[in-house]
Trainee: 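Questions regarding the structure given below will be posed in turn.
For the numbers below, each heavy atom of this structure counts, side chains included, while hydrogens, waters and symmetry mates do not. Along the sequence shown, residues carry numbers from 1. In this text the structure is predicted, and so the values were computed from the model without any measurement.
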Amino acid sequence: MIVEKELSEVSQTLLIPLVARAKEMAQSAPIIYDQKAAQFLDKVDTTHLIVEGGEIATLGILARTKVIDEEVLKLISNQSRTVIINLGVGLDTRFDRIRGASVKWYDIDLPEVINLRKQFIQEEKDIHFIGQSILDSSWVEEIEVSKDDSVIIIAEGLFMYFTESEVRQVLHLLTCTFPNAHIFFDVVHSFFVQKKISSTFLWGIDKAYEIEKMANGLQLIESWSMGNLLKTRQSILYRILNIFPSTRNRSQILHCQVQINHK
């Protein structure tokens, strides 16, 4: 059981996507099938913790989970061996939805979060936990990648809690360490920065292509705007408000790739 004092304010945000995925299982046609999330939630004491992000946040969580799942599955289906690095993993269960004999996982988060994760999930031969701050670059030394491995990096629901300089620091580390890697992450619109929603966001961008300015060798492959996803589940109000870029792009999912020959 979780008690409030065990998690920092930012770390507590891991419960919002967990609850969103778990409650989705009660829908007649779930967007995400995540039985493990429902099992985890039964064991968690959420008293005094923020676990609901509201309609807009919940749909965003479900949309980004669905898109990243589908895109990662496409990539690994075309690769012989893949290393997946899940940054800010929280209580994510993607490894259970994306299984493969040739897929090795590295789940990385703060020590307090990894200690919590171990109460629900055990490390296996191809699932490794690293309890370390992502801002401490030494975590890359624990990642084993051979020359024949493809690399996929996921940073879901993470970078909006970092400052711009911290995002630049992490992206620089990734582009320098993992040439040719695919990177999936979500960004919020700058309108929502420093607005107290379920938690305070510290960084955002207006247009997807702006991400290429954040690190040399980072190329945008594709982007998805939340306002264009799961439209049938959005209220009429939000569908109307999607005419405004800040609402339509309130959150975007980005697929970037590191250019192997960048300097």
Trainee: Hey, does Leu87 have a side-chain heavy atom less than 4.5 Å from the side chain of Phe185?
Mentor: no
Trainee: Between Asp107 (side chain only) and Phe129 (backbone N and O only), is there a donor and an acceptor less than 3.5 Å apart?
Mentor: no
Trainee: Does some side-chain heavy atom of Thr65 sit less than 4.5 Å from a side-chain heavy atom of Ile68?
Mentor: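 Of all side-chain heavy-atom pairs linking Thr65 with Ile68, none is under 4.5 Å.
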Trainee: Can you give me the closest heavy-atom contact between Ala20 and Thr58, atom names plus distance?
Mentor: CB-CG2, 4.1 Å
Trainee: Side-chain contact, heavy-atom cut-off 4.5 Å: Leu158 with Val170?
Mentor: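 Not touching, per the 4.5 Å side-chain cut-off.
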Trainee: So if I apply the ring-ring contact (aromatic ring centres under 6.0 Å, His included) rule between Phe201 and each of Phe159, Phe192, Tyr161, which one comes out positive?
Mentor: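 The single option meeting the ring-ring contact (aromatic ring centres under 6.0 Å, His included) with Phe201 is Tyr161.
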Trainee: Would a single hydrophobic cluster contain both Leu18 and Met25, if residues Ile, Leu, Val, Met, Phe, Trp and Tyr are joined by side-chain heavy-atom contacts under 4.5 Å?
Mentor: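 Each belongs to a different hydrophobic cluster.
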Trainee: Considering the options Arg21, Arg94, Lys66, which one meets the salt bridge (charged side-chain N to carboxylate O under 4.0 Å, His left out) requirement together with Glu156?
Mentor: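 Output: one option passes, namely Arg94.
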Trainee: Against Met160, only a single residue in Thr200, Asp186, Leu202 fulfils side-chain contact (heavy atoms from CB on, under 4.5 Å); can you say which?
Mentor: Asp186
Trainee: Go through Ile143 and Ile130 one step at a time and tell me if the side chain to side chain contact (heavy atoms under 4.5 Å, CB included) criterion holds.
Mentor: CA-CA 9 Å; Ile143 308 295; Ile130 300 175; 3.8 Å; yes
Trainee: For the CD1 atom of Ile84 and the CD1 atom of Ile127, what is their distance to the nearest 0.5 Å?
Mentor: 10.5 Å
Trainee: Can you tell if the side chain of Ile211 reaches within under 4.5 Å of the side chain of Cys256, non-hydrogen atoms only?
Mentor: yes
Trainee: Could you tell me which non-hydrogen atom of Thr175 sits nearest to which non-hydrogen atom of Val258, and how far apart they are?
Mentor: O-CG1, 3.5 Å
Trainee: For Arg250 and Met226, work out which heavy atoms get closest and say how close.
Mentor: NH2-O, 4.1 Å
Trainee: Any non-hydrogen side-chain atom of Glu24 less than 4.5 Å from a side-chain atom of Asp34?
Mentor: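 Glu24 does not reach Asp34 side chain to side chain.
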Trainee: Pairs in or reaching into residues 139-149: which pass salt bridge (charged side-chain N to carboxylate O under 4.0 Å, His left out), with residues at least two apart or in two chains?
Mentor: Arg81-Asp149
Trainee: If you round to the nearest 0.5 Å, how far is CD of Gln35 from CG of Asp96?
Mentor: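 It comes to 10.0 Å.
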Trainee: Can you give me the closest heavy-atom contact between Pro17 and Arg64, atom names plus distance?
Mentor: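 Shortest heavy-atom separation between Pro17 and Arg64 comes out as CB-NH2, 4.1 Å.
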Trainee: For atom NE2 of His172, is the number of surrounding heavy atoms from other residues, nucleotides or ligands below 6.0 Å larger than 12?
Mentor: no
Trainee: What's the shortest heavy-atom distance between Ile205 and Glu210, and which atoms?
Mentor: CB-OE1, 3.4 Å
Trainee: Determine, using the 4.5 Å side-chain heavy-atom cutoff (strictly less than), whether Val167 and Trp139 are members of one ILVMFWY cluster.
Mentor: yes
Trainee: Determine whether a donor-acceptor pair (N or O, by modelled atom type, separation under 3.5 Å) exists between the side chain of Arg168 and the backbone of Lys213.
Mentor: yes
Trainee: Write down the atom of Ala181, the atom of Ile153, and the distance for their closest heavy-atom approach.
Mentor: CB-CD1, 4.1 Å
Trainee: What is the ring orientation for His255 with Trp224, classed by angle as parallel under 30°, tilted 30 to 60°, or perpendicular over 60°?
Mentor: parallel
Trainee: Does the side chain of Gln252 reach to within under 4.5 Å of the side chain of Lys207, using non-hydrogen atoms?
Mentor: no
Trainee: Side chains of Trp105 and Ile98: closer than 4.5 Å at any heavy-atom pair?
Mentor: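 In short, these two side chains touch, coming nearer than 4.5 Å.
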Trainee: Quick check against the 3.5 Å criterion: does Arg117 have a side-chain atom that pairs as donor or acceptor with the backbone of Gly90?
Mentor: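 Between the backbone of Gly90 and the side chain of Arg117 there is a qualifying donor-acceptor contact (under 3.5 Å).
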Trainee: For the residue pair Phe178 and Ile183, establish whether any side-chain heavy-atom pair is separated by less than 4.5 Å.
Mentor: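 A side-chain contact is absent here, since even the closest heavy-atom pair is not under 4.5 Å.
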